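Heads up, the thing below is written out as structure tokens.
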Amino acid sequence: MTLEEFKSLFTDADEKKIAVLGGLIEEAYDCKMEIIELKERIQDMKTRDVKFKYIAPREKLLVQKRASYTNMMNKLCRELCSVDSDGLDDEGLEDYE
């Protein structure tokens with residue numbers, strides 16, 4: 001996946017929001033590519049029977065990268081993806097007001 005293909009995920013979003021969040025979009029893309037590369041390296045190391053002490057730090061980094069990517073995508077989707085959630089906000093909460 002190229003950066004342009006990744007950006008195309010947000011084509012329906014407001015152009016001003018895309019302009020403001022462009023850096024975060026690029027950072028999320030970079031993070032995704034790093035995750036893919038790390039997964040490939042870890043898999044390669046496992047197939048070559050590399051000792052766990054060398055694999056473990058990379059697996060820890062992979063977990064951290066995944067968390068970062070998830071947070072970035074959550075923020076991007078919240079701001080750029082049009083989801084009509086008005087009906088869900090108050091659903092079932094009438095009794096608690």
Side-chain angles (χ1 to χ4, degrees):
M1 174 181 275
T2 66
L3 177 58
E4 292 307 314
E5 290 171 332
F6 190 77
K7 285 181 176 181
S8 72
L9 297 172
F10 306 105
T11 55
D12 294 338
D14 180 82
E15 289 182 29
K16 288 181 183 179
K17 286 184 178 183
I18 289 176
V20 169
L21 296 171
L24 185 58
I25 293 170
E26 291 175 11
E27 189 64 28
Y29 172 77
D30 289 343
C31 192
K32 181 179 177 80
M33 294 300 105
E34 289 172 3
I35 288 169
I36 292 169
E37 184 179 327
L38 262 173
K39 286 172 59 177
E40 289 172 356
R41 273 196 225 154
I42 291 168
Q43 187 59 39
D44 180 55
M45 292 173 82
K46 287 180 177 178
T47 57
R48 293 185 292 127
D49 290 328
V50 174
K51 292 183 179 180
F52 179 74
K53 70 178 184 178
Y54 298 110
I55 295 173
R58 287 167 180 81
E59 286 182 330
K60 182 179 179 183
L61 180 60
L62 180 59
V63 169
Q64 293 170 342
K65 288 283 182 187
R66 284 177 174 161
S68 294
Y69 178 72
T70 300
N71 287 334
M72 285 185 265
M73 289 305 290
N74 184 27
K75 289 175 183 167
L76 286 171
C77 287
R78 195 175 329 126
E79 293 298 323
L80 300 177
C81 297
S82 58
V83 176
D84 184 19
S85 62
D86 292 338
L88 297 176
D89 290 341
D90 296 327
E91 189 174 309
L93 298 177
E94 306 84 29
D95 297 334
Y96 295 101
E97 290 183 22

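Keep in mind that this is a model prediction, so the values were computed, not measured. The chain is numbered in sequence order, starting from 1. We use all heavy atoms of the structure for the numbers below, so side chains are in, but hydrogens, waters and symmetry mates are not.
We find the CE-OG1 distance between M45 and T47 to be 10.0 Å, quoted to the nearest 0.5 Å. Atom CG in L61 sits 5.0 Å away from atom CG in L38 (nearest 0.5 Å). Rounding to the nearest 0.5 Å places CD of E79 at 11.0 Å from CD1 of I25. Atom CG in L62 sits 11.5 Å away from atom CD in E37 (nearest 0.5 Å).
With sequence neighbours left out, D49 forms a salt bridge (Lys or Arg N to Asp or Glu O under 4.0 Å) with no residue at all. Under the side chain to side chain contact (heavy atoms under 4.5 Å, CB included) criterion, S8 pairs with T11, sequence neighbours left out. In this view, E59 and I42, K46, F52, I55 satisfy the side chain to side chain contact (heavy atoms under 4.5 Å, CB included) rule, not counting sequence neighbours. Contacts of D44 classified as side chain to side chain donor-acceptor pair (under 3.5 Å), with partners at least two apart in sequence or in another chain: R48. Under the side chain to side chain contact (heavy atoms under 4.5 Å, CB included) criterion, D14 pairs with K16, K17, sequence neighbours left out. In terms of the side chain to side chain contact (heavy atoms under 4.5 Å, CB included) criterion, residue partners of K51 (sequence neighbours excluded) are, by chain and number, K53, Y54.
Tracing side-chain contacts under 4.5 Å through hydrophobic residues (I, L, V, M, F, W, Y), one never reaches V63 starting from I36; they form parts of separate clusters.
The salt bridge (charged side-chain N to carboxylate O under 4.0 Å, His left out) contacts involving residues 19-31 comprise K7-E26, where partners must be two or more places apart or lie in separate chains. Within the structure, no pair that satisfies the salt bridge (charged side-chain N to carboxylate O under 4.0 Å, His left out) test touches residues 68-78, not counting sequence neighbours. Within the structure, side-chain hydrogen bond (donor to acceptor under 3.5 Å, both in side chains) pairs that include any residue of residues 63-72 comprise E34-K65 (at least two apart or interchain). Among residues at least two apart or in separate chains, ring pair (Phe, Tyr, Trp, His ring centres under 6.0 Å) pairs with a member in residues 6-50 are F6-Y29.
Across every non-hydrogen atom of A28 and L76, the tightest pair is CB-CD1, 4.0 Å.
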